[in-house]
Amino acid sequence: MSARMIDGKSLATRLRSELTARVARFREETGVQPHLAAVLVGEDPASAVYVKNKQLDCTKAGILSTLHRFPTTLTTAELLDHVQKLNADPTVHGILVQLPLPKQIDELRILDAVLPVKDVDCFHPENVGLMVQGRPRFLPCTPAGCQELLKDAGVKTEGAHAVVLGRSDIVGKPMASLLIQKGGVADATVTICHSRTKNIAEITRQADILVAAIGKPNFVTADMVKPGVVVIDVGINRVGDRLVGDVDFDAVKEIASAITPVPGGVGPMTRALLLENTLRAAELQTARAKA
Ligand code: GUN
C-alpha cells in the first residue's frame, strides 16, 4: 500500500487565493495596505531565498513587503535600534526577523524587542503565552500550517496519539501546545521526543500522527512507524543538491496512510500562514470604519 499524498502546495495556493480576496476587502474598507517588514542579516543563501519567496507571496496577495538588509557584522545594539524604528513606524504592521541571526547577535533580545502586535512569527513570549493558554493573538506559522494540513486531509486528531519529534521554539514546542488545545484540530494526546529521549523508535511506533521536526535528513525510517500513521514532515535538509525531509519518504510512504512530501508539504503552508498573520496584524492595528 502506498500512502495518500498530503499536498501542501495546492492547499497553500487555495489559502493564498482566499487571503488575497480578504486583503483586497480590507484595503477597500480601510484604505490601508497591510505591510510586512522583513529583516535579513548576513549572507546566508538559504535565508535570502526564504525571504525573497515570502516577499513574492506578499506582493501577489496585495501585501506590501519591504526588505531591511544588513551586513553579517551588525551588532545586537544596531539591530535593536532598527527593530525599534519598525515598531514605531505606523505603516509597518508585521515584522519578520529571519533566523538564524549571526552568532554575535543576541537572538532572544531581538525577538523580545519586536512589538507583540507586529510579531507575525509568534515568537514573542507574550504571544507564545497567549497561544499556550488557548487565546492566541497569532498562531505560529509552521505548526498552524501543519494543523491546516491535518484538517484538510480529514485527519481526526481528537484522542489521537500525536508524537512530535523535536523541541525547538519554532516548531516542536508550539506544535505540541496547539495539538493539546481544546477543540479544533487538537484534543490529541501528545508526546514530545528529542535528542535525549530514550528508545525513540518505541515511542514513534505508537504514533497515530507523527510530526517530524528534528532537523536530521531521513531520520524517521520505516521500522519507526506503525501501519496507517499520518506523517507530517517539517524537515528541510539539503543533501547534495536535493532537498529532503526528516522522514525517509520512499520507505515510510509504503506504511503510512498519509504523508507530506518535501518539498511541497509543510513549507508552502508556513508561508501561507505568514500572510494570514500579516493581515491579522494589520487588522489589529487598524480601526475599521463602521459601515
Ligand atoms: N527561519 C527558519 N524558519 C523561520 C521562520 O518560520 N521564521 C523566521 N523568522 N525565521 C525562520
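Read the numbers this way: they start at 1 and go in the same order the structure lists the ligands and their atoms.
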For this session: Using the salt bridge (Lys or Arg N to Asp or Glu O under 4.0 Å) rule, collect all pairs that involve residues 96-123, keeping only residues at least two apart or in two chains.
Result: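 Counting only pairs at least two positions apart or across chains, no salt bridge (Lys or Arg N to Asp or Glu O under 4.0 Å) contact touches residues 96-123.
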Exercise. Sequence neighbours excluded, which residues qualify as salt bridge (charged side-chain N to carboxylate O under 4.0 Å, His left out) partners of Asp7?
Worked result: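 Residues passing salt bridge (charged side-chain N to carboxylate O under 4.0 Å, His left out) with Asp7: none at all.
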Exercise. Could Lys85 and Asp81 be called an ion pair, given the rule that one side-chain N must be under 4.0 Å from one carboxylate O?
Worked result: yes
Would you give me the side-chain donor-acceptor pairs under 3.5 Å for residues 213-222, sequence neighbours excluded?
| unit_1 | atom_1 | unit_2 | atom_2 | d |
| --- | --- | --- | --- | --- |
| Thr221 | OG1 | Asp223 | OD1 | 2.6 |

Exercise. How about Asp187 and Lys182: do any of their side-chain heavy atoms sit closer than 4.5 Å?
Worked result: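 SC-SC contact between Asp187 and Lys182 confirmed.
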Within the protein, flag every N or O under 3.5 Å from an N or O of ligand 1, and note the pair and distance.
| unit_1 | atom_1 | unit_2 | atom_2 | d |
| --- | --- | --- | --- | --- |
| ligand 1 | 1 (N) | Gln98 | NE2 | 3.3 |
| ligand 1 | 1 (N) | Leu99 | O | 2.9 |
| ligand 1 | 7 (N) | Asp121 | OD1 | 3.1 |
| ligand 1 | 9 (N) | Val97 | O | 2.9 |
| ligand 1 | 9 (N) | Asp121 | OD2 | 2.7 |
| ligand 1 | 10 (N) | Leu99 | N | 3.0 |

For this session: Measure the spacing between OG1 of Thr191 and CG of Leu210 and express it to the nearest 0.5 Å.
Result: 10.5 Å
